[in-house]
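Following: one structure in structure tokens, then a few remarks.
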Amino acid sequence: GYGWRHGYVLTIVTTLNDATVSIGGTSTVFSLAGGVYTSKKGDGSTLTATSTTFTYTASDGTIYTFIKPSPLSYFNYYDAVQAIGTSIVKPSGERTTLTYVTRPLRSTDFTFLQSVNNSGGYQLKYSYIANSTLISKVTAINNGVDYCNPSADTCSSLTQNWRALN
């Protein structure tokens, strides 16, 4: 049915003195002092920042890369956030890439997760209800059989009907 959210909500929200990294339903808060982020959990996770990215390394060694929007801006992604996750690299080398699009919605620009691809050759393609943030369908595609551009709105050249959740 309609109204559910995906599990790839990877965001960072910052204030003057800290940053909150949220991965799915789990959050880690980092304090910022002298340009260095320190985990308040003390669990060995790290957070570093450049002018365009954040890199979060979880205590299990998984590396998450987040992009920042242009200066003095934010992403409107389920909420106002200062960064959204674009890649996940597990210690095994498995890589997951998240692709987003930004569209106007209710007089503002809103960022939508368009596709999730992994190094195993699989893709989750998201579709949304028109003029809404609600997901209408997620299609699982084997990119070894059919290619679908991760940033495209639709995949019109698929050779078969892939499993979908809607």
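Just so we're clear, the structure is a prediction, and the values are computed from it rather than from any experiment. All heavy atoms count here, side chains included; hydrogens, waters and symmetry mates do not.
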Are [Y] and [X] linked, directly or through intermediate hydrophobic residues, by side-chain heavy-atom contacts shorter than 4.5 Å (ILVMFWY only)?
X: Y56; Y: I63; value: no
X: F30; Y: I67; value: yes
X: V138; Y: F112; value: yes

Task: Separation between CG of N118 and CD1 of I88, rounded to the nearest 0.5 Å - done: 10.0 Å
TODO: Can you measure from CG (L134) to OG (S127) and round to the nearest 0.5 angstrom?
DONE: 13.0 Å
Is the shortest side-chain heavy-atom distance between [X] and [Y] below 4.5 Å?
X: T57; Y: T48; result: no
X: N142; Y: Y122; result: yes
X: V29; Y: K41; result: no
X: L10; Y: I23; result: yes
X: V21; Y: Y64; result: no

More than 12 non-hydrogen atoms from neighbouring residues, nucleotides or ligands closer than 6.0 Å to [atom1] on [X], yes or no?
X: N161; atom1: CG; answer: no
X: Y147; atom1: OH; answer: yes
X: D60; atom1: CG; answer: yes
X: R95; atom1: CZ; answer: no

If every non-hydrogen atom of [X] is compared with every non-hydrogen atom of [Y], which pair is closest and at what distance?
X: Y128; Y: L113; answer: OH-O, 2.6 Å
X: G93; Y: S119; answer: O-OG, 4.4 Å
X: Q123; Y: N143; answer: OE1-ND2, 2.9 Å
X: L105; Y: S132; answer: CD1-N, 3.6 Å
X: D146; Y: I141; answer: O-CG2, 3.6 Å
X: S31; Y: D18; answer: CA-CB, 4.1 Å

Open item on the list: Just to verify, which of V9, T11, T20 counts as forming a side chain to side chain contact (heavy atoms under 4.5 Å, CB included) with V81?
Closed with: T11
Open item on the list: If we count only N and O atoms by modelled type, under 3.5 Å, do the side chains of S27 and S22 hold a donor and an acceptor together?
Closed with: yes
TODO: Check the pair L124 / Y126 against side-chain contact (heavy atoms from CB on, under 4.5 Å), numbers first and verdict last.
DONE: CA-CA 6 Å; L124 297 176; Y126 293 84; 3.9 Å; yes
Open item on the list: Could you walk me through whether S151 and N149 satisfy the side-chain hydrogen bond (donor to acceptor under 3.5 Å, both in side chains) test, starting with their C-alpha distance in whole Å, then the side-chain angles of each, then the deciding distance to 0.1 Å, before giving a yes or no?
Closed with: CA-CA 6 Å; S151 59; N149 182 334; 3.0 Å; yes
Short side-chain to backbone donor-acceptor contact, [X] and [Y], under 3.5 Å:
X: Y100; Y: G85; value: yes
X: K125; Y: K137; value: no
X: K68; Y: T50; value: yes

- [ ] Step through it carefully: locate the ring centre of F66, locate the ring centre of F54, and say whether they are under 6.0 Å apart.
- [x] no
TODO: Quick one: list whatever passes side chain to side chain contact (heavy atoms under 4.5 Å, CB included) with A19, sequence neighbours left out.
DONE: I12, T14, Y37, L47
TODO: Evaluate the side-chain contact (heavy atoms from CB on, under 4.5 Å) criterion for residues S39 and T28: first the C-alpha distance (whole Å), next the side-chain angles of each, then the deciding distance (0.1 Å), finally the verdict.
DONE: CA-CA 7 Å; S39 171; T28 303; 3.8 Å; yes
